[in-house]
There are 2 protein chains.
Amino acid sequence: MTHPTDKQLATLGAAFNTFTRRYKLADALGPDKPLNELDKQALFYVAEHPECGPSDIARFLAVPHTTISSATDRLVKRGLLKRTRPEEDRRAVALGLTDEGRRRVDGFLAAYRQMHLRMLGPLSAAERDAFIGMMTKIVYDEG
Amino acid sequence: MTHPTDKQLATLGAAFNTFTRRYKLADALGPDKPLNELDKQALFYVAEHPECGPSDIARFLAVPHTTISSATDRLVKRGLLKRTRPEEDRRAVALGLTDEGRRRVDGFLAAYRQMHLRMLGPLSAAERDAFIGMMTKIVYDEG
DNA sequence: AATGATATGACGATCTTCGTATTATTCAAC
DNA sequence: GTTGAATAATACGAAGATCGTCATATCATT
């Protein structure tokens, strides 16, 4: 397989640079006060892994568990998460979304959807399929 | 123009989700202690805009100028940036990289290059061109 | 000169991260 | 079944980051 050229790499780098600045979720819309990045990530993880524990989040996000402890604490205090002690292991904590938490996650998802729509806007229908296919290939490649 | 399907949006969302977690620059390699995200961005901005002032950075990164003041202060203290008072406007400050700062930026650039190489790895030569083209189209689209 | 605008920094309140130490519970081995 | 190591989570505090208010120096205009 031939290697990418320096020019290709440079172009890609410049594009990503602008990309990450441009397509970033502007939180702080709506009445709720914004969540910091870690808290948002943690909230999403719980949404996708109900009944998970703090250590699962810490492992997944690769941050110290004490940091996640603080994060879940904030989320519980803000009424977005709830803790329960599962009977089968009373050391653990099972996290779950509250109704408010669910509402918040749904809001984020809608915002992401909008962002992705805007992103695909400049591409033709054929290009969209190709783009999504390549992103998938890049992300789920082993290596 | 037809709209993207829900399925397309969902696939793209899932891919980006993993993408941002996977392709993130692991700082803290090498002997130097890691820079936080803002400081890194500021350092890069100065690298690309020599003689710029703190307010330019603040405007570009869309953060309060006092935050940038703290950031440049840290960078100067660490010996990565230097301040000079331009004669033509003695209120202002002109920022520039020190040799150490240049070294640091070059290190980051090399790391980014590696990351982009890895990213393009799973794509064929034709796909690479197409991918970079679409990224460019997405990023530099007016809208 | 006087006024207003501009560039920056000082200071402090508040929040975040994360290392150390603590508590509660489970599990393994004897 | 008791003891001891391992595991899940949190309390606490130090260090650092963000950002608002205020102060200072320097233009630019009249």
Practice prompt. Can you sort out the partners of Y140(A) under ring-ring contact (aromatic ring centres under 6.0 Å, His included), two or more places apart, ordered by chain and number?
Written response: none
Distance, rounded to the nearest Å, where [X] contributes [atom1] and [N] contributes [atom2]:
{"X": "L75(A)", "N": "dT16(C)", "atom1": "CG", "atom2": "P", "result": "10 Å"}
{"X": "E88(B)", "N": "dA7(C)", "atom1": "CD", "atom2": "P", "result": "13 Å"}
{"X": "L35(A)", "N": "dC15(C)", "atom1": "CG", "atom2": "P", "result": "14 Å"}
{"X": "K33(A)", "N": "dT16(C)", "atom1": "NZ", "atom2": "P", "result": "11 Å"}
{"X": "R90(B)", "N": "dA28(D)", "atom1": "CZ", "atom2": "P", "result": "14 Å"}
{"X": "L81(B)", "N": "dG9(C)", "atom1": "CG", "atom2": "P", "result": "11 Å"}
{"X": "K77(B)", "N": "dA10(C)", "atom1": "NZ", "atom2": "P", "result": "8 Å"}
{"X": "R85(B)", "N": "dA7(C)", "atom1": "CZ", "atom2": "C1'", "result": "8 Å"}

Report, one line per pair, each donor and acceptor closer than 3.5 Å where one atom sits in a side chain of residues 14-22 of chain B; sequence neighbours left out.
residue	atom	partner	partner atom	Å
T18(B)	OG1	A14(B)	O	3.4
T20(B)	OG1	F16(B)	O	3.2
T20(B)	OG1	N17(B)	O	3.1
R22(B)	NH1	V139(A)	O	2.6
R22(B)	NH1	D141(A)	O	3.0
R22(B)	NH2	D141(A)	O	3.1

Worksheet item: Once you round to the nearest 0.5 Å, how far does OH of Y45(B) lie from CG of L38(B)?
Response: 13.5 Å
Worksheet item: In Å, rounded to the nearest 0.5 Å, how long is the span from CD of Q41(A) to CG of N36(A)?
Response: 10.0 Å
Worksheet item: Is a donor on one side and an acceptor on the other found under 3.5 Å between the side chain of S69(B) and the backbone of H65(B)?
Response: no
N/O contacts under 3.5 Å, protein versus nucleotides 6-8 of chain D?
residue	atom	partner	partner atom	Å
dT7(D)	O2	R91(A)	NH1	3.1

Fill in: Nearest non-hydrogen partners of Q8(B) and D129(A), listed with the distance
NE2-OD1, 2.9 Å
Worksheet entry | Contact list for DNA chain D against residues 62-73 of chain A - heavy-atom distance below 4.0 Å | H65(A), T66(A), S69(A)
Response to the item:
Walking DNA chain C from its 5' end, the first of D56(B) and L38(A) to be reached, judged by nearest nucleotide, is D56(B)
Worksheet item: Charged N to carboxylate O under 4.0 angstrom, R83(B) versus D73(B)?
Response: yes
Anything under 3.5 Å between a donor and an acceptor, one on a side chain of residues 93-102 of chain A, the other on a protein residue two or more places apart or in another chain? List them.
residue	atom	partner	partner atom	Å
T98(A)	OG1	G79(A)	O	2.5
T98(A)	OG1	L80(A)	O	3.2
T98(A)	OG1	E100(A)	N	3.4
T98(A)	OG1	G101(A)	N	3.0
E100(A)	OE1	R103(A)	NE	3.2
E100(A)	OE2	R103(A)	NH2	2.8
R102(A)	NE	D106(A)	OD1	3.4
R102(A)	NH2	D106(A)	OD1	3.2

Worksheet item: Counting just side-chain N and O atoms, does R74(A) come under 4.0 Å of either OP1 or OP2 of dT17(C)?
Response: yes
Item to complete: Please work out if R83(A) contacts a base, only the sugar-phosphate, or nothing of the nucleic acid, heavy-atom cut-off 4.0 Å.
Response: sugar-phosphate
Side chains of residues 107-122 of chain A: which donor-acceptor partners sit under 3.5 Å, not counting sequence neighbours?
residue	atom	partner	partner atom	Å
R113(A)	NH1	D6(B)	OD1	2.9
R113(A)	NH2	D6(B)	OD1	3.1
H116(A)	ND1	Y112(A)	O	3.2

